[in-house]
Number of protein chains: 2
Amino acid sequence: MADIKSGPNPLFLREEDLRQGIEMLFYAYRDFTAEPDAMLARIGLGRAHHRVVYFVGRYPSITVTELLSILQITKQSLSRVLSDLVEQEYIAQRPGTKDRRQRLLTLTDKGIELERSLSDAQRARIAQAYRAAGAAAVEGFRTVMLGIIDAEDRAKFPPPGKR
Amino acid sequence: MADIKSGPNPLFLREEDLRQGIEMLFYAYRDFTAEPDAMLARIGLGRAHHRVVYFVGRYPSITVTELLSILQITKQSLSRVLSDLVEQEYIAQRPGTKDRRQRLLTLTDKGIELERSLSDAQRARIAQAYRAAGAAAVEGFRTVMLGIIDAEDRAKFPPPGKR
DNA sequence: GAAATAAGTCAACATGGCTGACATAAAATC
DNA sequence: GATTTTATGTCAGCCATGTTGACTTATTTC
């Protein structure tokens with residue numbers, strides 16, 4: 001591998017720390033998605049399907065609008081993968097009771113099974129990393145990750161006391 | 001937003017912790033890439049170009065093979081974005097001295113400027129998160145992130161003593 | 001009754017992955 | 001020295017997943 005450029009930068013260590021932060025996110029995300037991607041490919045689905053199945057499992061009876069605001073994609077993009085998942089009976093839709101325009105989304109048993117098998121690899125990876133790192137490191141990890149995430153979404157991760 | 005499913009799981013907290021870990025990675029990566037993506041769109045480039053410019057900046061004189069092993073994509077995929085970057089003079093190629101089959105890649109001045117402007121937003125995001133979290137949390141963050149990254153790539157992140 | 005909202009649809013396009021087949025130059029090996 | 005391997009590049013086509021724009025339907029809100 002080529003050498004890392006150092007250069008006469010007085011803030012070298014700091015620059016280097018930030019670069020490492022950027023890269024850790026890149027490598028972690030790359031490795032984190034590799035296993036589910038391989039499983040999905042075998043059944044003709046993609047990462048986008050995983051994201052939908054994941055968040056419908058996470059928030060049963062979520063509406064389409066809520067899902068769109070989490071995924072931050074257009075409804076046309078969502079529509080494609082969501083239709084696949086409904087057709088193949090991973091996800092069921094039913095009208096909202098208060099607002100009948102809504103289509104509340106839930107996983108079917110088949111969907112629950114899919115979600116579990118996909119996310120198990122990811123859960124195992126996190127669990128192993130948490131176990132190896134210890135509770136204090138995990139708290140540090142959470143704190144930094146929250147700082148990276150846009151403020152609007154931080155409320156999704158309540159501190160331990162509130163969990 | 002729909003309620004979070006709890007259920008009668010004796011390991012509830014742990015399950016929930018793992019789910020939060022999964023989601024923090026999703027949200028962090030989503031928000032982390034949003035700003036550079038917007039800048040790239042304005043000049044007709046994409047996220048793939050950013051990755052190449054980033055790693056060529058990180059490892060000046062990197063070879064194509066080394067870059068492929070980092071990005072974990074095919075050479076055909078890399079070729080497309082790399083050709084764009086060479087044509088538009090963000091990246092320069094020169095033959096290796098020991099092995100003249102190699103094309104060593106370096107950023108031009110224009111490439112350095114592009115890389116800087118793209119990564120600045122990301123560096124600022126990391127810097128702010130690190131500052132807010134404090135040194136101990138940053139060490140925890142690093143430890144957990146390394147645990148998530150495949151073992152083969154952990155050597156890219158030497159501990160502070162060795163930096 | 002009119003306007004806004006939730007959801008969906010159709011069409012066209014861009015990006016960035018992929019496979020397969022093949023080409024060239026240089027290095028390494030027998 | 002001939003053969004094989006390696007580093008790189010190229011052409012062609014496919015697929016997944018994002019985009020914009022235009023338009024529809026049902027329902028709720030004003």
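Chain identifiers are assigned alphabetically (A, B, ...) following the order of the sequence lines, protein sequences preceding nucleic acid strands; residue numbering begins at 1 within each chain.
- The listed nucleotides are C/dA26, C/dG8, D/dT17; the one nearest the side chain of A/Arg103 is C/dG8.
- B/Ile73 places its CD1 atom 7 Å from the P atom of C/dC18, with the value rounded to the nearest Å.
- Aromatic ring pairs are classed by plane angle as parallel below 30°, tilted from 30° to 60° and perpendicular above 60°; the pair A/Tyr54 and A/His50 is perpendicular.
- Checking D/dT27, D/dT19, C/dA26 against every side-chain atom of B/Arg100, the shortest atom distance belongs to C/dA26.
- With C/dG17, C/dA27, D/dG9 as the candidates, the nucleotide lying closest to the side chain of B/Arg51 is C/dG17.
- In this structure, the nucleotide among D/dA7, C/dG8, D/dT17 sitting nearest to the side chain of A/Arg80 is D/dT17.
- Residue B/Leu78 contributes atom CG, which lies 16 Å from atom P of D/dC11 at whole-angstrom precision.
- The aromatic rings of B/Phe141 and A/Phe141 sit parallel, their planes meeting at an angle under 30°, below the 60° perpendicular limit.
- Both A/Asp99 and B/Val64 lie near DNA chain D, and the one whose nearest nucleotide falls closer to the 5' end is B/Val64.
- Distance CD (A/Glu66) to P (C/dT5): 16 Å, rounded to an integer number of Å.
- Listed nucleotides C/dC18, D/dT27, C/dG16 differ in distance to B/His49; the shortest reach to its side chain belongs to C/dG16.
- The shortest distance between the side-chain N/O atoms of B/Ser77 and the OP1/OP2 oxygens of C/dG16 is not below 4.0 Å.
- Looking at the side chain of B/Gln76, the nearest of the listed nucleotides C/dG16, D/dG9, D/dA12 is D/dA12.
- Per the geometry, NZ belonging to B/Lys75 stands 17 Å off P belonging to C/dG17, to the nearest Å.
- To the nearest 0.5 Å, the span separating CG on B/Leu67 from CG on B/Leu78 amounts to 5.0 Å.
- Of the side-chain N and O atoms in A/Ser79, none sit less than 4.0 angstrom from OP1 or OP2 of C/dG8.
- Of all nucleotides listed (D/dT6, C/dC18, C/dA6), C/dA6 comes nearest to the side chain of A/Gln102.
- An OP1 or OP2 oxygen of C/dA7 is reached within less than 4.0 angstrom by no side-chain nitrogen or oxygen of A/Gln93.
- In this structure, A/Leu104 atom CG and C/dG8 atom P are separated by 11 Å, rounded to whole Å.
- Between A/Phe26 and B/Tyr29, the distance separating the two ring centers is not shorter than 6.0 angstrom.
- Closest to the A/Ala48 side chain, of the nucleotides D/dT28, C/dC18, D/dG18, is D/dG18.
- The OH-P distance, from B/Tyr29 to D/dG18, rounds to 13 Å in whole Å.
- Separating the CG atom of B/Leu85 from the P atom of D/dG9 is a distance of 13 Å, rounded to the nearest angstrom.
- Taken together through direct or relayed side-chain contacts under 4.5 Å among Ile, Leu, Val, Met, Phe, Trp and Tyr, A/Leu25 and B/Leu146 form part of one hydrophobic cluster.
- Comparing D/dT10, D/dT6, C/dA7 by their closest approach to the side chain of A/Thr65 singles out C/dA7.
- Between B/Gln72 and C/dG17, a side-chain N or O to OP1/OP2 separation shorter than 4.0 Å is absent.
- Between the side chains of A/Arg94 and A/Ser61, at least one donor-acceptor pair of N or O atoms lies under 3.5 Å.
- For A/His50 and D/dG18, the NE2 to P distance is 14 Å, given to the nearest whole Å.
- The base of D/dT8 lies outside donor-acceptor range of the side chain of B/Arg101, with no N or O pair under 3.5 Å.
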